[in-house]
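These numbers come from a predicted model, not from an experiment. Just so you know, ligand 1 is whichever comes first in the structure, and atom 1 is the first atom listed for that ligand.
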Amino acid sequence: MNFDQAAKKLADWNQSHVLQYFDELSEKEQADLLTQIEETDLSVLNRIHDEAGARGAFSPLAAMELGEIEARRDELFDAGLKTIQGGKTAALLLAGGMGTRLGSAHPKGMYNVGLTKPLYIFECIVNNLLDVVKESGTWIRLFVMTSEKNHDETVSFFEEKNYFGYQKEKVVFFKQSMAPCCDFDGKLYMEEKGRISTSPNGNAGWYSSMLRAGLGRVLEEEGIEWINVFAVDNVLQRICDPCFIGATVLADVSVGAKVVRKAAPDEKVGVMCLEDGKPSIVEYYELSQEMMDAKDAKGDPAYNFGVILNYLFRTSELDKVTDDKMSMHVVKKKIPYLSENGEHVAPEEPNGFKFEQLVLDMIHQLSSCLPYEVVREYEFAPIKNLTGIDSVESARELMKKNGVEL
Ligand code: UTP
């Protein structure tokens, strides 16, 4: 994109200030800014005033519960193992987030949760996947999604740690797309004189970002039919767990979702359900009293299973999911920026919007889903904060209970 084209694109969106310092930039900075303007999707700015979409009619979606899983364990395990050994399953680590709540200056996966020896979050994830590699005798393709903010550090860390014993050739890193950040009036912030302020575009960006990185070819060439997508911060989760894969494959659904039984009817987790007959997730604040009281045929709460961000997607269904059909979450955040007089400002209060699309919104684009119950104490130890709920502290306790050496 040349200068005139960039100026035109910006003028169309009332963002001409982005070129305010253009003449002061070096040639390289000028070229980089023009590329950034070309690549930035400014249409997100239209979504600032999106009304929260009216929700459809909710109804319960039965989960495969522990009792059934136990009774069918051999059958599910065999089906899953066969799928893994046929090379049809990949794992995809979502590691593009900023991890702001943890407050570390490095990618979240580099956080050391060890006490008597180093044990990094990335290492925990790889160890969990290695269990399945050993069990199946098959190296599983591992995609790692980063963002431009943490890509280089993440890749160097894997290199430095020798991929924590994983086969290097099986690991592919790709960067997710970024979304611009703006003030409350929709004016883009600049982070430098030659750079629009951006943040990762949410974890639903994984599929389109993967295609943009040319990885659709890898899926095709390797005959990958299922992708287990999971968050970086749950150090206990089982990845490419054969029973979960087997259950999803045998149920012949578009996606499997690991879920945990709610601790209380009003627990603050998103709950799996149907919305207008399609799989969906209802947020805890959207659950009516009537839904909280509803019972299934066994007399158990009908909306009883919360998602833990561990999904198995059928690749052939993913083309149904398009970014423009998914909800856009416009989130108020503190956005560091360059002021009118060229000074860097780190605001103490939210000063603008970031734009994110979330994996849970992908689910509603698909036709069918199997919620698959896992035991919270064995598989759910998210690290969001340093202390308190969902923290390094709480995860360490759970890891100890599960025999992980810290
Ligand atoms: P979170 O919603 O916990 O966000 O991400 P976060 O960025 O890690 O942490 P905070 O909110 O800033 O404290 C859940 C998962 O989705 C990934 C994260 O890396 C984590 O694995 N994620 C999130 C992305 O890969 N990209 C994004 O744009 C956002």
At what distance is the nearest protein heavy atom to [atom], and which residue and atom is it?
atom                    : result
atom 21 (O) of ligand 1 : L94 O, 2.7 Å
atom 25 (O) of ligand 1 : G96 N, 2.9 Å
atom 4 (O) of ligand 1  : R101 NH2, 4.2 Å
atom 19 (O) of ligand 1 : G97 N, 3.0 Å
atom 3 (O) of ligand 1  : K384 NZ, 2.7 Å
atom 26 (N) of ligand 1 : Q176 OE1, 2.6 Å
atom 28 (O) of ligand 1 : G202 N, 2.8 Å

Within the 4.0 Å heavy-atom shell around K108, which atoms of ligand 1 are there?
8 (O)

Note: ligand 1 atoms sitting under 4.0 Å from heavy atoms of M145 are 25 (O)

Could you tell me whether V359 approaches ligand 1 through its side chain, its backbone, both or neither, with non-hydrogen atoms closer than 4.0 Å?
neither

Hey, is ligand 1 close enough to [X] that some N/O pair sits below 3.5 Å?
X    : result
T100 : yes
A231 : no
F230 : no
L102 : no
G99  : yes
E356 : no
L309 : no

Check whether the ring centres of F313 and W206 lie less than 6.0 Å apart, and answer yes or no.
yes

With a 6.0 Å cut-off on ring centres, are Y166 and W139 close enough?
yes

Below 4.0 angstrom, N of the basic side chain to O of the carboxylate: do R195 and D32 qualify?
no

Could you label the plane-to-plane angle of the Y120 and F164 rings as parallel, tilted or perpendicular, counting under 30° as parallel and over 60° as perpendicular?
tilted

F173 vs Y163 aromatic rings, parallel, tilted or perpendicular, using cut-offs 30° and 60°?
tilted

Out of N150, N201, N203, who gets a non-hydrogen atom closest to atom 29 (C) of ligand 1?
N203

With no hydrogens and no angle check, do the side chains of Q176 and N201 hold a donor and an acceptor under 3.5 Å apart?
yes

When you measure from the centre of the six-membered ring of Y303, is the NZ or CZ of K262 closer than 6.0 Å and no more than 45° off the axis?
no

Is atom NZ of K168 surrounded by more than 12 heavy atoms (other residues, nucleotides or ligands) closer than 6.0 Å?
no

Does a sphere of radius 6.0 Å around OH in Y378 hold more than 12 heavy atoms from other residues, nucleotides or ligands, not counting ones at 6.0 Å or beyond?
no

Under 4.0 Å, counting heavy atoms only: does M98 come that close to any atom of ligand 1?
yes

When every non-hydrogen atom of R141 is compared with those of E222, the smallest separation belongs to NH2-OE2, 2.5 Å

Under the salt bridge (Lys or Arg N to Asp or Glu O under 4.0 Å) criterion, do R376 and E267 qualify, and how do the steps go?
CA-CA 14 Å; R376 183 188 288 250; E267 193 193 353; 2.9 Å; yes

From the list T40, L42, L188, side chain to side chain contact (heavy atoms under 4.5 Å, CB included) partner of V18 resolves to L188

